Every structure is written in C-alpha cells, then in structure tokens.
2 protein chains.
Amino acid sequence: MERVPLVAAANVSERLAQPPALAISTVIFALRPSVSSGRPTLWLPLVKRIREPFKGLWALPGGPLTQAESLLDAAARNLQDTTGLAPSYLEQLYAFGGLHRSPSQRVVSIVYWALVQSTEAEQAEESENVQWFRADGLQELAFDHNEIVKYALWRLRNKMEYGPIAYHLLGEKFTLAQVREVYEAVLNRSVDPANFRRQLKQTAGIEPTDEFLQGGKHRPPRLYRYSGTNNHLVKTHLLEQPLLERAGPPGHPPPTL
Amino acid sequence: MERVPLVAAANVSERLAQPPALAISTVIFALRPSVSSGRPTLWLPLVKRIREPFKGLWALPGGPLTQAESLLDAAARNLQDTTGLAPSYLEQLYAFGGLHRSPSQRVVSIVYWALVQSTEAEQAEESENVQWFRADGLQELAFDHNEIVKYALWRLRNKMEYGPIAYHLLGEKFTLAQVREVYEAVLNRSVDPANFRRQLKQTAGIEPTDEFLQGGKHRPPRLYRYSGTNNHLVKTHLLEQPLLERAGPPGHPPPTL
DNA sequence: CCAAAAGTGTTACCGTTACACCCATGT
DNA sequence: ACATGGGTGTAACGGTAACACTTTTGG
C-alpha cells in the first residue's frame, strides 16, 4: 500500500524538490488446500485499497517505512498487521523504483517476500479488506503489483529448486510426502517419490523423529523435523556462502519499474 | 538514546518525523593487470569522503536519488560521474536499511553493482578523490561499505559460475583464453582449458569471428564475440527465466544492516 | 487378500573432470 | 627443432532419472 500523505495540491516544482517516498511491501506465500482438488496450492493475502490511487483494487500489504524500524522489521510488522501471522521465512525481494509506479507521487518500494507455515496460515485473519487469493492467475492489482508477484513467484520457484525452504511452508513436523507435495505445488510438476526421498535424506538439516503420522489409509509415514537455523526468518547471516545455497541474485531482476 | 552531534540543531522528535533518506550507491568492478604478476585482477573505484561522517575514509560512489531518475539511471549516472565510464552490466544488488548505518542520519541505500569492460577501464579517470583499489583485501571503508563490497563480490562470483557475464569484463572481441583468465581471476582457482573451451562453445551467445589475435608468441587464438542481448546494461527484461541463469536471490542476503 | 502409499535397490544416462594427445606459430 | 599455448579425443567418475521391487498398513 503505497499510501502517502497526499501532498495536497503540491505544485510541480515543489514535488520535484521532495525526495521520493519510501515504502515497504511484502509478498506473503502460504499453502492452502485448493477448493477443487483439495491438494495444497499457493495463496497470498492482499489488501483492498480504500483510497486513490487504485481505489477498490487489491494490492500487496505494505506501508511507509518508519524511522525506528529496519527494513526487515517493517516487513515483518506489516505481515503481522495484515494477517496476524509471523513469517517462517522472510527475505528481501527487490527495490522497485520506477518513475511512474504511482500516478500521484514518486514512490520507491522495497519489497520482501515471506513464507508462512501452513499450520498457522489456517488461522490467518480475513476481513472485508484483507483476503487470500491463489498466487497464479491473479486479477489485476494496483500499481505494478502484478509484476512484483510474478517476480516473487519466480524467486520462490527458483529458490525451491536448490535451497532448503520448502519446510517453511509446512508445520514443525512433516512427512516426506508432504514436502514432496510442496515441491509439486510450487514447481507445478510431478516428482518421483523414490528419488526425492533420497535427495532429502542427503540434505543436512532434516531429521527423522520417532513419530509416525497416524490416521491415513495406508502405511503410516515417519515424521521428520527441520533443524536448520530457524532464524531464517530474520538474520540470514553474514555472507557465508553455504554449500547448497547456490543462489546468486535474480538472474534477471524484474523490469526496472 | 544516543546523542547525535550532527543534524544541526534538529531536535529528536523532528528527526523521528522525517522519513529516512534514500541514496544510491554502486559497486563497480573492472579487470586491471595486477601490479605484481601482470595477470588480470578485480579492481573497483572508491571515492574519498570529504566531509563527516567518516571524513577521509574511502567509500562507494553514490549519492541521493533525485526525482527524475529511475534507480537504474541513478546508478548509471553516478558510475559515469565518478569513473567517466558506461557500465557493460548493471544490476541491483540489495537495499541496505539498517538503523545505524550512518551515525548522523537514517539512510537507506539501494546498491547496484556494475561490470565495466577492461578496454574502457584503462581510460577510467582517477584523481585525488577517486582511486581504484584491488577488490580483495580492502582497507577499512566508510559506513558499512566493507560488508557491501564483500556481498557484491559474493554475488559476482556466484553469478559467474552459471551466468554469461564474464564477457562484460572484456572488450568486444576476445579469445577463449581471456575468458578463462576472467574466470580464474574472479573465482580464484585454475580452470582446465580444454573443458572450459567446450563448455563455452555449448553456451549460446558466444560466436566465433574470422579474426585471430596476432602478436602473441605462439599459435594465434581465434577471436570470439558475445552476442547476448547487449542491453544487459539496462533492462534485464521481463522475468523470462532463462535456462542457464539458474539464479535466485542471494541464498543469503547480506546482514540486515 | 487387495489396494495403495511407504520405502529400498538397481541400472541407464549424462554432464563434468582429468589428462593424453595433436596442431600451429614465434624464436 | 623446440617450446608453448591453442585446440581435440577419450575414458573414469558422480549425480540424477527411471522404474522394478519389497514392506506395511487399512479396509
């Protein structure tokens, strides 16, 4: 929400003299069962604009950056404000600073993206002005937010292919099949269960528990736990380059809006 | 409640009311022959601070974001301003927004990183207040700029392992051995010439010319040309996820300063 | 006993790595 | 001729993909 104190009837020269406004927005992903198939799919919460510009359209949660907050804190806070949830993973996506992103004023948005555990996501608040939508096939959003979501999705998919982040969409304990479902949902392709299992077991940070998931129709699968630094929420630390995390910035940063 | 000496006579509440300042900085890489070995190594230009804070220390080139510029334009401009050069590659690195990056004022810096062709880099301007330094083993810099450079280096190295960016450090035409030298210089390890050659030839976007580099002591190597979208300088385009560019955001974003 | 998911074993495939070898040129 | 980097051939290695197979549960 690039809401900015409308600068009343500011004349042009005055507007030019002012620095660009700075806002934080967040793309929040969570898994929810699809209405049709019941299988998990990606959803995200949006906020309805209650004033111009783009009044009535849906937009990413966000707000101005206040003096006392770091960028990360600001992102976490507006995640909390809109959904009532705490992120399981939170990372900077990109800074969007095109000249005409907002018709009324020059705004630079620093956008974060977050993953929320599915167990918590069920309790997420909804209201008249906050609703969840399927991440694919979104309607037209305010500002350049369609592009931003598209880019966030690309990042999520890209990262899921090599990084240990799928767990952040699940609860504390999970079966390997559930992890596989996450991959299939996010990457939108089927994955061989046998090979997938082996790859996961090689991956450090994923530990078997003594528990098994009961209540299924078949052989009860073992539950696992993710023991990677749980603070993936906050300080992704000081530039050690981990083995698995190939990473690198977006091969393609998004259009320079 | 730390006392901040600067900011003239601004009282605290006034400072809190102001939005954080927004600045653009750029980490500019170019290859220059090492003084000792003569082999190419990574260098970058820094600017000496002529006022507080950190007066006398070296810092990344940068400045405030003006109303009329996109983020990318601003980065390109201050690259031009400090070195007199045009970037061959330019990409957003990260937005740094920690609370105490600058002692006097809250500043959010959106940092870009750039590659400059070695042919041009030779003509780069130097002066009392602008000098080039070897990218590794830098002295203490102003602000959090040591961290930023460290992160930019990590990104460069990471990207070089899978992306077609080495060419941006060379001239228009180059031998495969020169490309290999770039890899060796940046990644700091030796690369098998035979295998490297084959990998490059598979890579799309690199085309042989009819010319050969004369004047060497041995068999003249063929010259090649990079025909990838040359606008890698500017619009890295609309989110097509290319095959080679695995990419994904920094596995680890830098410390949230 | 049967269906279906959990979990294991095995093999083919493919890209990378290591390194032996030939080619072309200046001295 | 010979030293040296340019350039090609080839075989071992390692990770992934495909898929047959065994195990364990509920019905």
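Nothing here was measured: the structure is a model prediction, and the numbers come from that model. Every chain is numbered from 1 and lettered A, B, ... according to where its sequence line falls, protein lines coming before strand lines.
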Rounded to the nearest Å, what distance is computed from the NZ atom of residue A:Lys217 to the C1' atom of nucleotide C:dA6?
-> 16 Å

Under 4.0 angstrom between A:Lys201 side-chain N/O and C:dG7 OP1 or OP2 = no

When you check the phosphate oxygens OP1 and OP2 of D:dG5, does a side-chain N or O of B:Arg219 lie under 4.0 Å from one of them?
-> no

Assign each of B:Pro221 and A:His218 the nucleotide of DNA chain D bearing its closest heavy atom; nearer the 5' end lies the nucleotide of B:Pro221

D:dT25 P sits how many Å from A:Arg222 CZ, rounded?
-> 12 Å

Residues B:Glu184 and B:Arg189 bridged, charged N to O under 4.0 Å | no

When the distance from OH of B:Tyr224 to P of D:dG6 is rounded to whole Å, what number comes out?
-> 11 Å

Given A:Gln92 and A:Tyr94, is the side-chain hydrogen bond (donor to acceptor under 3.5 Å, both in side chains) satisfied, shown in steps?
-> CA-CA 6 Å; A:Gln92 191 179 112; A:Tyr94 199 75; over 6 Å; no

B:Gln117 side chain to B:Leu170 backbone, donor-acceptor under 3.5 Å = yes

Spacing between B:Phe196 atom CZ and D:dG5 atom C1', to the nearest angstrom | 16 Å

Side-chain touch B:Phe96/B:Tyr151, heavy atoms, less than 4.5 angstrom = yes

So what does B:Ala194 touch, heavy atoms closer than 4.0 Å: a base, only the sugar-phosphate, or nothing?
-> base

Nearest-Å distance for atom pair CZ/P, residues B:Arg197 and D:dG9 = 12 Å

Take atom CG of A:Asn195 and atom P of C:dT10, then tell me their distance rounded to the nearest Å.
-> 15 Å

Less than 6.0 Å separating the ring centroids of B:Phe174 and B:Tyr224?
-> no

Give one of base, sugar-phosphate or nothing for A:Arg198, where a contact means two heavy atoms less than 4.0 Å apart.
-> base

Separation of C:dA6 atom C1' from A:Gln178 atom CD, nearest Å, is 13 Å

Is the phosphate of D:dT25, meaning OP1 or OP2, less than 4.0 Å from a side-chain N or O of A:Gln214?
-> no

Candidates D:dA17, D:dA18, D:dG6 - which lies nearest the side chain of A:Asp192 | D:dA18

To the nearest Å, how far apart are B:Gln202 CD and D:dT8 C1'?
-> 14 Å

Among D:dA17, D:dG7, D:dT25, which nucleotide sits nearest the side chain of A:Gln199?
-> D:dA17

